[in-house]
Amino acid sequence: MPPLTSTSPLTAETRHAVSIVLNGAPRTGHAHPRLLLSDFLRHELGAHGTRVGCEHGVCGACTVRIDGVAARACLTLAVQAEGRRIDTIEGLTRANGGCMTALQEAFRRHHALQCGFCTAGILMSLTDYLGRNPKPTEEELRDMLSGHLCRCTGYAGIVRAVMDVTGRTRTEAAHV
Amino acid sequence: MKPASFDYLRPATVADALAALASGGEDARVIAGGQSLMPMLNMRLVQPRLLIDLGRLEELRMLRAEDGWLSVGAAVTQAEVLARPTLAQEVPLLAAALPWVGHFQTRNRGTLCGSVAHADPSAETPLCLVATGGEVVLRNLRRRRTVAAADFFLGPLTTAKAADEIVECVRFPLARRGSGHAFREQSMRRGDFAIAACAATVDDHSASLAVGGVADRPTLRSWPLVAGGLPPDLDEALNAFAWDFGGDDDQHATARYRRDLVRRIGRTVLEEALSCRR
């Protein structure tokens, strides 16, 4: 792996080697400095599960985990991810013996998706968020979901799915 | 939307970063969390020739309360400050306002210093810095200087920072005993830019209100308490404050609506701040 820091910059016209740990496996690709992490994952490493929506951080479709923390892949350069652990939607089933996780099953059961474009990002946010706040109230959950745009579900199914998995019913949650 | 081409430097030290910034001139920009700069790069509103990444510099990861100030280094994220267990005692206004900064997912990478350097007129962190009487520590290759928040913000995306300087850290005064603080804002949806944001501080002698999103920079006004309470003519005072912004209609709201928000939310947060003094 090249040294993380340098006194001379990575030049704009050159594709530089970028090594990350993608869903637990070391991977290397090449990127111009201006390449977004979202495009690096999709076009360079072939991880197409991460969707690209607005490309300015509003829609949430490209959300991945960087060193465990949910963040927008479209607001991160591939070269900034050098040496980082990147977790994407593909890693959820892989880490669960090839089966869908309880959260993914609940999404299916509660019709928490229709077209599915927002789903990968929402699941990656939730895996980080529920780790920090395992039993959010509906109000807290909807606040977190404000970082994702879903034009199919109206969020009702998503909220139901999460409340189901966390063992909180919507009646005990604060009404929003 | 993809950024235009640039060289990218990941310096080993702040000194290396400052040297590169000095030689890069107006064509060089620094990035830390990137949650304000990356959208502007993607939309090509800024097209630097050189991008200098401060995000991994340990020297800029300081987060500490001492000598009456909470100091937050340039590489410290909004999420890290929000997760600080003592924040609500140290800078209660920041504890109240940070949950309104962007979203959970952007706070995980976005930095306080980045928000301050970006200087969006509706942003919460610059508003809190002005409301609390905070400071901005600027550094270039030769020297370090401290600028009061009130003198730092000059207009939309315009600050007193020179092209060869970085915002090394921002400093918030620790809340005084007996003071009360409150924050509220109005936006089209949670996490959007504030149409109007109000931060109130009440101590033993005065009540002050800082407003963001209405004028071209966060603006502060104070009134003396009368018999230990808010001034009896507060409505008139808030009305005068609201008109003094001279706001214009824009795509988000009319000037009239903004004046109404200043009058209503302003009174609400001042009353909240008065009642939660401790």
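Quick note on labels: first sequence line is chain A, next is B, and so on, each numbered from 1. Values in this document were obtained by computation on a predicted structure and should not be read as measured data.
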### Under 4.5 Å from any heavy atom of chain A - which part of B:Leu50
side chain
### Message
Under the criterion side chain to side chain contact (heavy atoms under 4.5 Å, CB included), I'd like the reasoning laid out for B:Gln78 against B:Ser115: C-alpha separation, chi angles, the key distance, then a yes or no.
### Response
CA-CA 10 Å; B:Gln78 293 143 2; B:Ser115 292; 3.3 Å; yes
#### Entry: Top contributor to chain A interface from B:Pro11, B:Ala19, B:Ala17 [non-hydrogen pairs under 4.5 Å]
B:Pro11
### A:Ile66 portion near chain B, given a 4.5 angstrom heavy-atom threshold
side chain
### Query
Are A:Arg42 and A:Thr50 linked by a side-chain donor-acceptor pair shorter than 3.5 Å?
no
#### Entry: Residue B:Leu37 versus chain A: region with a heavy atom under 4.5 Å
neither
### Task
With a 4.5 Å cut-off on heavy-atom pairs, point out which of B:Met38, B:Arg190, B:Gln105 contacts chain A the most.
B:Gln105
### Side chain, backbone, both or neither of B:Ile52 within contact of chain A (heavy atoms, under 4.5 Å)
neither
### Query
Side chain, backbone, both or neither: which part of B:Asn108 has an atom under 4.5 Å from a heavy atom of chain A?
both
#### Entry: Pairs of heavy atoms under 4.5 Å with chain B: top-ranked of A:His56, A:Arg132, A:Gln80, A:Glu13
A:Gln80
### Task
With a 4.5 angstrom heavy-atom cut-off, could you sort out which part of A:Arg84 is near chain B: side chain, backbone, both or neither?
side chain
### Query
With respect to chain B, which residue among A:Pro33, A:Ser146, A:Ala71 yields the maximal number of heavy-atom pairs within a distance under 4.5 Å?
A:Ser146
### Largest heavy-atom contact set with chain A, pairs under 4.5 Å, which of B:Arg107, B:Arg49, B:Lys2
B:Lys2
### Which portion of B:Met40 sits near chain A, non-hydrogen atoms under 4.5 angstrom
neither
#### Entry: Proximal component of B:Ser5, with respect to chain A [non-hydrogen, under 4.5 Å]
both
### Task
Below 4.5 Å from any heavy atom of chain B, which atoms of A:Thr14 appear? Answer side chain, backbone, both or neither.
neither
